[in-house]
Engineer: 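Here you go, one structure.
Every heavy atom of this structure was used, including side-chain atoms; hydrogens, water molecules and symmetry mates were not. In this text, all values refer to a predicted model and were calculated from it rather than measured experimentally.
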Amino acid sequence: MTESKAMILGCSGLSLTSEEKAFYRDERPWGFILFGRNISEARQIADLVAELRDSVGWHAPVLIDQEGGRVQRIRPPVLARYPSGQALGDLYRRNRALGLRAAWLMSRLHAFDLSSLGIDVDCLPVLDVPVEGSSNVIGDRAYGGDPETVIAMGRAAAGGLKAGGLLPVMKHMPGHGRGFADSHLELPVVTVPRDELELHDFPPFVAMKDELMAMTCHVVFAAIDPDNPATTSRRVIDGIIREHIGFNGLLLSDDSSMNALSGTIGERAANIIAGGCDIVLHCNGHMDEMREVVANVPPLADLSLARAKAVEAGFPAPDSADEAELRAEFEAMFAIV
């Protein structure tokens with residue numbers, strides 16, 4: 001079989017167009033990602049996931065951002081509305097054991113929810129550690145403002161997903177917590193010294209370096225590479241993510257259509273690969289942009305291919321937990337509707 005290309009793509013709507021089916025078949029993205037525009041009701045979501053996989057002819061990973069709080073792509077009435085990372089962290093600060101149990105439970109419920117629809121990767125946990133005054137783009141998505149809380153809660157959240165047979169994606173490596181701008185709109189620049197980053201921002205990723213997947217941040221760390229955001233920076237990816245953090249898993253870019261990145265979509269895709277990411281993520285489903293991406297992304301090869309194969313082989317078998325029992329336990333902690 002010809003290897004997939006080093007990209008994860010979105011799609012435009014609730015079902016695939018004939019153009020999209022032919023495009024995915026010919027261009028072979030390694031995986032897909034769903035957004036709110038792709039969500040209507042449960043049967044439709046499951047059918048779309050099956051269409052995506054059928055278009056490439058194998059059980060390609062299908063990702064979603066199902067965190068809870070503001071970032072939850074599938075919402076009521078299809079799935080319950082879950083609390084934010086901050087709400088979980090607030091419980092942890094009152095009672096550590098309960099907070100850790102809540103983080104695990106919520107992820108385990110996400111796994112019940114998403115696996116029933118055919119989705120097998122959740123872009124969670126958020127391991128960013130915000131500082132006072134930073135952009136609300138992370139805000140209440142974070143578990144707390146100290147690395148110890150984020151490490152403990154991040155591990156619990158990832159564990160709940162894996163107990164349900166899903167794989168997590170850590171984000172946003174090596175840390176978006178100091179961004180004073182929203183990287184969807186503009187490029188954040190962090191100017192603190194490297195030693196401060198090593199004490200505050202990087203530790204959650206170091207602690208969870210053995211997870212199989214992570215997503216970069218579109219943030220400039222001036223002490224490391226003043227000219228390029230982490231997503232396209234060979235210095236950050238090689239020197240910080242691979243060497244200092246020690247992460248050897250599959251590294252996805254954050255969305256290449258975000259305005260923090262400069263250049264055309266094709267130039268961004270080329271720069272992401274040149275910087276050392278394994279996978280270019282392109283989310284908006286615009287066909288003209290996707291054509292630019294595929295023109296600048298190679299087939300998976302060498303270490304990137306090995307990492308992708310490790311992910312494909314790394315989906316855990318789900319436990320035998322009782323969904324109703326776990327849901328009742330979580331609802332005793334948080335009212336979800």
Side-chain angles (χ1 to χ4, degrees), residues 2-12 19-20 22-33 35 56 60-61 63 123 169 171-174 176 179 181 183-189 213-222 224-243 247-309 311:
T2 305
E3 293 300 345
S4 301
K5 288 188 178 175
M7 59 190 180
I8 292 170
L9 301 178
C11 59
S12 61
E19 183 182 22
E20 285 172 332
F23 178 75
Y24 300 143
R25 182 194 66 228
D26 293 342
E27 300 299 345
R28 310 182 317 281
W30 179 75
F32 300 95
I33 188 165
F35 276 77
V56 291
L63 292 69
C123 298
V169 177
K171 57 190 187 187
H172 303 84
M173 193 177 275
H176 205 310
S183 53
H184 295 87
L185 306 174
E186 57 185 308
L187 179 61
V189 177
M213 283 185 282
M215 180 184 295
T216 64
C217 61
H218 300 333
V219 174
V220 167
F221 296 93
I224 300 155
D225 184 346
D227 301 318
N228 300 287
T231 299
T232 60
S233 171
R234 181 63 70 171
R235 287 188 211 168
V236 172
I237 291 174
D238 286 355
I240 302 300
I241 293 176
R242 298 302 188 190
E243 185 175 325
F247 176 68
N248 195 38
L250 191 71
L251 188 64
L252 324 180
S253 74
D254 203 348
D255 184 8
S256 56
S257 63
M258 290 164 62
N259 288 330
L261 299 183
S262 60
T264 67
I265 292 295
E267 289 167 344
R268 296 177 190 185
N271 291 339
I272 288 167
I273 295 297
C277 281
D278 298 304
I279 297 279
V280 174
L281 179 63
H282 184 270
C283 297
N284 65 27
H286 294 172
M287 182 59 71
D288 56 341
E289 292 190 9
M290 291 195 292
R291 292 192 186 282
E292 286 192 61
V293 171
V294 302
N296 289 277
V297 169
L300 284 163
D302 303 323
L303 275 176
S304 293
L305 177 59
R307 292 167 183 147
K309 294 297 184 187
V311 170

Engineer: Checking Ala60 now: which residues fulfil side chain to side chain contact (heavy atoms under 4.5 Å, CB included) with it, not counting sequence neighbours?
Structural biologist: Phe32, Val56, Trp58

Engineer: Which pairs count as salt bridge (Lys or Arg N to Asp or Glu O under 4.0 Å) when at least one residue sits in residues 229-239, sequence neighbours excluded?
Structural biologist: Arg234-Asp238

Engineer: What residues, two or more places apart in sequence or in another chain, satisfy salt bridge (charged side-chain N to carboxylate O under 4.0 Å, His left out) together with Glu27?
Structural biologist: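 Expected list: Lys5.
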
Engineer: Tell me, please, which residues at least two apart from Arg28 pass salt bridge (charged side-chain N to carboxylate O under 4.0 Å, His left out).
Structural biologist: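 Partners of Arg28 by the salt bridge (charged side-chain N to carboxylate O under 4.0 Å, His left out) criterion come out as none, since no residue qualifies.
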
Engineer: Suppose we screen for salt bridge (charged side-chain N to carboxylate O under 4.0 Å, His left out). Which residues come up paired with Asp255, at least two apart in sequence or across chains?
Structural biologist: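 Applying salt bridge (charged side-chain N to carboxylate O under 4.0 Å, His left out) to Asp255 gives none.
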
Engineer: Applying salt bridge (charged side-chain N to carboxylate O under 4.0 Å, His left out), can you list everything that pairs with Arg291, at least two apart in sequence or on another chain?
Structural biologist: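 Expected list: Glu19.
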
Engineer: Quick one: list whatever passes side chain to side chain contact (heavy atoms under 4.5 Å, CB included) with Val311, sequence neighbours left out.
Structural biologist: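 Val311: side chain to side chain contact (heavy atoms under 4.5 Å, CB included) contacts with Trp30, Leu167, Leu212, Met213, Leu250, Phe315.
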
Engineer: Quick one: side-chain hydrogen bond (donor to acceptor under 3.5 Å, both in side chains) partners of Thr232, sequence neighbours excluded?
Structural biologist: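 None.
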
Engineer: If you look only at pairs with a residue in residues 258-274, which of them pass as a salt bridge (Lys or Arg N to Asp or Glu O under 4.0 Å), with sequence neighbours excluded?
Structural biologist: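 Of all non-adjacent pairs touching residues 258-274, none passes salt bridge (Lys or Arg N to Asp or Glu O under 4.0 Å).
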
Engineer: Residues in side chain to side chain contact (heavy atoms under 4.5 Å, CB included) with Glu292, at least two apart?
Structural biologist: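 Applying side chain to side chain contact (heavy atoms under 4.5 Å, CB included) to Glu292 gives Thr264, Ile265.
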
Engineer: Applying side chain to side chain contact (heavy atoms under 4.5 Å, CB included), can you list everything that pairs with Asn296, at least two apart in sequence or on another chain?
Structural biologist: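 Asn296 satisfies side chain to side chain contact (heavy atoms under 4.5 Å, CB included) with Ala269, Ala270 once adjacent residues are dropped.
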
Engineer: With sequence neighbours excluded, tell me which residues meet ring-ring contact (aromatic ring centres under 6.0 Å, His included) with His172.
Structural biologist: His176

